[in-house]
Visitor: 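Please see the structure below; I have some questions.
Keep in mind the model is a prediction, meaning the values are calculated, not measured. As a basis for the values below, the full set of heavy atoms in this structure was taken, side chains included, without hydrogen atoms, waters or symmetry mates.
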Amino acid sequence: MSRWFLFKFEPHAYALLRVVTGFLFLWHGSQKILDFPHAGVHIPLYIVIIGGGVELFGGFLVMTGLWARYAAFVCSGEMAYAYWYAHGWHAVLPLVNHGEMAMLYCFLFLYISARGSGIFSLDKYLAGTSRN
């Protein structure tokens with residue numbers, strides 16, 4: 001039985017998933033905390049401080065792969081809260097309540113938390129340098 005041709009690139013694809021997810025997520029925090037890019041809507045202060053902080057710093061940690069398991073777990077929890085707070089009470093189905101992105105981020109971060117930093121991460125680099 002032949003292996004799927006992309007099988008050998010699985011660690012690279014996962015690293016790309018982790019980096020892109022963290023990169024996209026940190027911009028949500030940047031928008032809340034730094035107002036860049038400009039949101040154009042009023043966001044409650046506690047969401048700016050707590051949500052923006054988790055998104056900006058958690059997204060950066062996931063993107064760079066530094067303490068990615070812990071950061072992704074916190075980001076996953078924030079997105080679960082965001083889903084039920086902002087979307088889930090309108091309707092249960094994400095297609096109806098427009099919560100697809102919150103739910104997708106929640107489960108992406110849960111997967112990253114379970115899987116770890118992987119290759120191309122600061123965690124891997126720091127583990128390698130400590131052995132020298």
Visitor: Would the distance check show the side chain of S121 and the main-chain N or O of G118 forming a donor-acceptor pair, the cut-off being under 3.5 Å?
Guide: yes

Visitor: Can you confirm whether or not the ring centre of F25 sits under 6.0 Å from the ring centre of Y105?
Guide: yes

Visitor: Using a 4.5 Å cut-off on heavy atoms from C-beta on, say whether the side chain of Y83 contacts that of P94.
Guide: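 Side chain of P94 against side chain of Y83, heavy atoms only: contact under 4.5 Å found.
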
Visitor: Tell me which one of M103, H28, E55 satisfies side chain to side chain contact (heavy atoms under 4.5 Å, CB included) with M79.
Guide: E55

Visitor: Holding to side-chain hydrogen bond (donor to acceptor under 3.5 Å, both in side chains), I want the full list of residues that pass it with Y70, two or more places apart in sequence or in another chain.
Guide: none

Visitor: Give a yes or no on whether L16 and W27 share a hydrophobic cluster (residues Ile, Leu, Val, Met, Phe, Trp, Tyr; joining criterion: side-chain heavy atoms under 4.5 Å apart).
Guide: yes

Visitor: With clusters defined by side-chain heavy atoms of hydrophobic residues (ILVMFWY) lying less than 4.5 Å apart, directly or transitively, does F23 cluster with L17?
Guide: yes

Visitor: For the aromatic rings, using the six-membered ring if either is Trp, is the centroid distance between Y111 and Y14 under 6.0 Å?
Guide: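 Yes, close enough.
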
Visitor: So does R115 pair up with E10, basic N to acidic O under 4.0 Å?
Guide: yes

Visitor: Classify the ring geometry between Y81 and Y85 as parallel (under 30°), tilted (30 to 60°) or perpendicular (over 60°).
Guide: parallel

Visitor: Output yes when a side-chain donor or acceptor of S113 lies under 3.5 Å from a complementary backbone atom of A72, and no otherwise.
Guide: no

Visitor: Would you give me the side-chain donor-acceptor pairs under 3.5 Å for residues 57-67, sequence neighbours excluded?
Guide:
unit_1 : atom_1 : unit_2 : atom_2 : d
T64    : OG1    : F60    : O      : 3.0
T64    : OG1    : L61    : O      : 3.4

Visitor: Can you get from I112 to L104 by hopping between Ile, Leu, Val, Met, Phe, Trp and Tyr side chains that sit under 4.5 Å apart?
Guide: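 Hydrophobic grouping puts I112 with L104.
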
Visitor: Please enumerate all residues that pass side-chain contact (heavy atoms from CB on, under 4.5 Å) together with A91, with sequence neighbours excluded.
Guide: V96, N97

